[in-house]
Asker: 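Pasting in a structure now, in structure tokens, and then I'll have a few things to ask.
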Amino acid sequence: MSNRIPPKPKSTAKVVKRLIITIAVIALYVWTITSINIDWGKIFSQRTIDNFGRIIPKFFDPAFEETGTILIKMIETIFIAYTGSLAAAIIAVPLAFLCATNMVRNKFLNTIGMWILGAVRAFPEIILAIIFVAAVGPNPFAGVLAIAIGSTGMLGKLYSEVIEGIDMNIIEAMEASGANKLQILFYGIMPQVLPEFLSYAIYRFEIDVRASSVLGIVGAGGIGTLIKFAYSNRNWDEVGMILLIIIITVTIIDQISGYVRRRLV
């Protein structure tokens with residue numbers, strides 16, 4: 001005779017709840033698709049099919065003769081991402097300490113810090129780039145500012161979570177032994193958070209390389225400028241070469257940064 005306990009029957013309420021959730025999700029998808037007015041006839045028209053057959057093959061026949069020019073702009077893109085990420089990694093530190101409830105025991109200041117980081121995260125880099133291009137002109141510095149401000153929100157949020165997760169017993173022991181605030185910061189707090197700070201900063205650099213690739217479309221420098229010109233002139237083979245270099249560059253950076261991050265944490 002088996003000693004296995006028979007499975008507990010599902011209650012009617014749970015079945016009804018799951019059914020309602022499923023219907024709601026399906027209804028949401030249907031409402032979303034129908035409300036954006038997709039012209040299915042145009043999508044599957046002969047003209048669209050002809051355009052795909054004419055344009056897509058050119059992406060796989062890249063213009064290798066433009067490699068030198070594209071690489072120069074790709075290097076500029078990496079510099080924009082690096083400078084912006086470095087600035088964000090520095091700016092995010094004081095904001096993170098302001099948001100960390102175990103460092104600043106004032107709910108009002110904590111809330112102000114969270115609002116600042118939340119407001120910064122609300123703006124995509126491309127919107128920030130448009131604003132800074134209008135402010136400082138169409139040049140790579142506008143891209144650096146857009147990346148720096150856009151990355152600060154994410155890094156500040158992650159940094160604050162790291163700070164809140166530190167071992168406070170070490171801090172209390174240093175305070176009990178008479179250590180001052182600077183000594184506690186440099187010998188008690190920073191050794192605990194620095195590896196993860198660097199890991200998140202490197203990860204953000206990966207994201208910023210991708211983001212910087214499109215900022216040139218609005219005049220913020222980098223390889224996006226070439227994408228804009230190539231698209232305007234319908235040079236699809238050149239666009240294919242640009243995409244190939246972006247893919248190779250991002251893949252290499254991902255591999256290197258992944259290795260570095262594994263060594264840090």
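Hydrogens, waters and symmetry mates play no part in the numbers below; they use all other heavy atoms, side chains included.
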Asker: What is the minimum heavy-atom distance between Ser213 and Ile227, and which atoms define it?
Answerer: O-CD1, 3.8 Å
Asker: State plainly whether one hydrophobic cluster holds both Tyr82 and Ile246, where clusters connect Ile, Leu, Val, Met, Phe, Trp and Tyr through side-chain heavy atoms under 4.5 angstrom apart.
Answerer: yes
Asker: What I want to find out is whether Arg210 reaches Glu125 closely enough, with some N-O distance under 4.0 Å, to be called a salt bridge.
Answerer: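 Salt bridge: no.
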Asker: Taking all atoms of both residues into account, what is the closest heavy-atom pair of Ile223 and Thr77, and its distance?
Answerer: N-OG1, 2.7 Å
Asker: Is there a side-chain contact between Ile189 and Ile166 (heavy atoms, below 4.5 Å)?
Answerer: yes
Asker: For the pair Ser85 and Arg204, evaluate side chain to side chain donor-acceptor pair (under 3.5 Å) and give the outcome as yes or no after the intermediate values.
Answerer: CA-CA 7 Å; Ser85 301; Arg204 184 64 207 190; 6.0 Å; no
Asker: With a 3.5 Å distance limit and no angle check, can you tell me whether Thr22 reaches the backbone of Arg18 through a side-chain donor-acceptor pair?
Answerer: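 At least one qualifying donor-acceptor pair exists.
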Asker: Check for a donor-acceptor pair, side chain of Asn106 on one end and backbone N or O of Leu109 on the other, with a separation under 3.5 Å.
Answerer: yes
Asker: Report yes if some heavy atom in the side chain of Val239 is under 4.5 Å from a heavy atom in the side chain of Asn235; otherwise report no.
Answerer: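 No. Closest side-chain heavy atoms not under 4.5 Å.
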Asker: Checking the side chain of Ser212 only, and the main-chain atoms of Val209 only, is there a donor and an acceptor separated by less than 3.5 Å?
Answerer: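 No.
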Asker: Measuring only between side-chain heavy atoms, which start at C-beta, is Ile78 closer than 4.5 Å to Phe205?
Answerer: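 Touching, per the 4.5 Å side-chain cut-off.
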Asker: When you measure from the side chain of Glu206 to the backbone N and O of Ser257, does any donor-acceptor pair fall under 3.5 Å?
Answerer: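 Side chain of Glu206 to backbone of Ser257, a donor-acceptor pair under 3.5 Å: no, none is there.
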Asker: Side chains of Glu76 and Ile80: does their closest heavy-atom pair fall under 4.5 Å?
Answerer: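 A side-chain contact exists here, since the closest heavy-atom pair is under 4.5 Å.
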Asker: Could you tell me how the ring of Tyr159 sits relative to the ring of Phe197: parallel (under 30°), tilted (30 to 60°) or perpendicular (over 60°)?
Answerer: parallel
